[in-house]
Amino acid sequence: MILVFGKTGQVASALDQDPRTLCLGRNDADLTNPEDCAKIIQTTKPQAVINAAAYTAVDQAEDQPDLAMLINGTAPGVMAQICAGLDIPFIHLSTDYVFDGAGCTQFKPTDQPNPINTYGRTKLQGEQNVQAAGARYIILRTSWIFSAVGTNFVKTMLRLGASKKEVSVVADQIGGPTPAGTIGQACLGMIDRIESAGVYHFSGHPYVSWADFAKEVFRHANVDCHVLEIGSEQYPALVDRPKNARLDCGSLMQDFQITRPDWREFLPDIIWQIRNGALDG
């Protein structure tokens, strides 16, 4: 049995469909109480642990830095320590937000992190705590996750496009949209092959701006809504986002033969699921 934290999130919701997993939500395992999460691991003694839970409200994290740090920074380290003691492989999901988003080249797993907001700093602390725990671990950084579950860009665009003739979308932030289900499959594909430790990147291709991603959403959804391309400085966000979310995924292919998904192939089905309430209405 593979124990998964974060049941209501996008990745864990996909993993919850697999018979090998036991997915725990906030009512089962609250990451604001890391010791309880550790006790669950100690009691169940699973084959492996995947931490897909996180505090992901980027703007809100500026007002709740301690809570974000507890969930994103402290809890993963406590989980990893228990896994180390039990010799259980541990996969921790992280994010491109650990980088500053400078330049236009792909960030390698070995590049120096430099987060530019509280969310990114808490996720980086979580990575560092996992690395210090001594477990057999994989830190998997990903970006721009979308699915039919929870809050994400595709669902937001469909909601806005249903009531507006024009939406303003940032055109100077570039990244790889990543279907949540492919992240779950990547995690499962690595479980039995974690022999030591490592940091890897996994994101969809091709790279695209948020504005061009929105255009593809509207095209596949047959929604008549114009996308007005704007700069990051024109978007009313409380904190900066990395402009460059390109992730070099070469080492994941080399070590695990896991290829990057073409997000365009998954988009039509996810749009259908959203519209038909196939997963969460």
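Computed over heavy atoms, backbone and side chain alike; hydrogens, waters and symmetry mates excluded.
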Same apolar cluster: Val49 and Ile91, side chain cutoff 4.5 Å | no
Measure the CD1-CG distance between Ile270 and Leu158 for me, rounded to the nearest 0.5 Å.
-> 11.0 Å
Just by distance, with hydrogens left out, do His201 and Asp248 show a side-chain donor and acceptor under 3.5 Å apart?
-> no
Take Asp212 and Lys215 through the salt bridge (charged side-chain N to carboxylate O under 4.0 Å, His left out) test and state the conclusion after the steps.
-> CA-CA 5 Å; Asp212 284 340; Lys215 293 174 186 178; 3.5 Å; yes
How close do Phe90 and Cys83 get, heavy atom to heavy atom, and via which atoms?
-> CD1-SG, 3.8 Å
So, for Leu93 and Cys187, which heavy atoms are closest and what is the spacing to 0.1 Å?
-> CD2-SG, 3.8 Å
Judged by atom type as modelled, is there a donor-acceptor pair below 3.5 Å linking the side chain of Arg193 to the main-chain atoms of Asp255?
-> yes
Measure up the Trp210 and Trp144 rings against each other and bin them: parallel (under 30°), tilted (30 to 60°), perpendicular (over 60°).
-> parallel
Excluding sequence neighbours, so at least two apart, what forms salt bridge (Lys or Arg N to Asp or Glu O under 4.0 Å) with Asp87?
-> Arg136
Angle class for the Tyr97/Tyr119 ring planes (parallel below 30°, perpendicular above 60°, tilted otherwise)?
-> perpendicular
Does CD in Glu195 sit with more than 12 non-hydrogen atoms of other residues, nucleotides or ligands closer than 6.0 Å?
-> no
Can you check whether Phe146 and Trp263 have ring centres sitting under 6.0 Å from each other?
-> no
Pair Ser143, Asp96: side-chain N/O donor-acceptor within cut-off below 3.5 Å | no
Is the backbone N or O of Ser147 less than 3.5 Å from a side-chain atom of Lys155, with the two atoms forming a donor-acceptor pair by type?
-> no
Flag, side chain of Asp18 to backbone of Leu15, donor-acceptor distance under 3.5 Å | no
Do Ile50 and Ile71 sit in the same hydrophobic cluster, where Ile, Leu, Val, Met, Phe, Trp and Tyr count as joined when their side-chain heavy atoms come under 4.5 Å apart?
-> no
Scan side-chain atoms only and decide if Asn129 and Gln81 contain a donor-acceptor pair under the 3.5 Å cut-off.
-> no
Hey, is the main chain of Ser232 close enough, under 3.5 Å, to the side chain of Asp172 for a donor-acceptor pair?
-> yes
Sort out for me which residue in Asn152, Thr56, Thr178 forms a side chain to side chain donor-acceptor pair (under 3.5 Å) with Gln10.
-> Asn152
Do Asp269 side-chain atoms and Phe266 backbone N/O form a donor-acceptor pair below 3.5 Å?
-> no
Where the side chain of Arg20 meets the backbone of Met1, is there a donor-acceptor pair that is under 3.5 Å apart?
-> no
So, Gln64 versus Tyr55: side-chain donor-acceptor pair below 3.5 Å or not?
-> yes
How far apart are the closest heavy atoms of Ala237 and Asp59, and which atoms are they?
-> CA-OD2, 4.3 Å
Quick check: does any side chain N or O of Ser13 sit under 3.5 Å from a backbone N or O of Lys7, one acting as donor and the other as acceptor?
-> yes
Check whether any side-chain N or O of Glu62 sits under 3.5 Å from a backbone N or O of Asn117 as a donor-acceptor pair, and report yes or no.
-> no
Which heavy atom of Ala135 sits nearest a heavy atom of Ala80, and at what distance?
-> CB-O, 3.4 Å
Could you state whether Ile138 and Ile2 fall into the same hydrophobic cluster, counting links through intermediate Ile, Leu, Val, Met, Phe, Trp or Tyr residues with side-chain heavy atoms under 4.5 angstrom apart?
-> yes
Would you check if the side chain of Lys45 reaches a backbone N or O of Gln42 as a donor-acceptor pair within less than 3.5 Å?
-> yes
Joint hydrophobic cluster, Val11 plus Met190, side-chain heavy atoms closer than 4.5 Å = yes
So which heavy atom on Gln173 is nearest to which on Pro242, and how close?
-> CG-O, 4.0 Å
Asn244 side chain to Thr105 backbone, donor-acceptor under 3.5 Å = yes
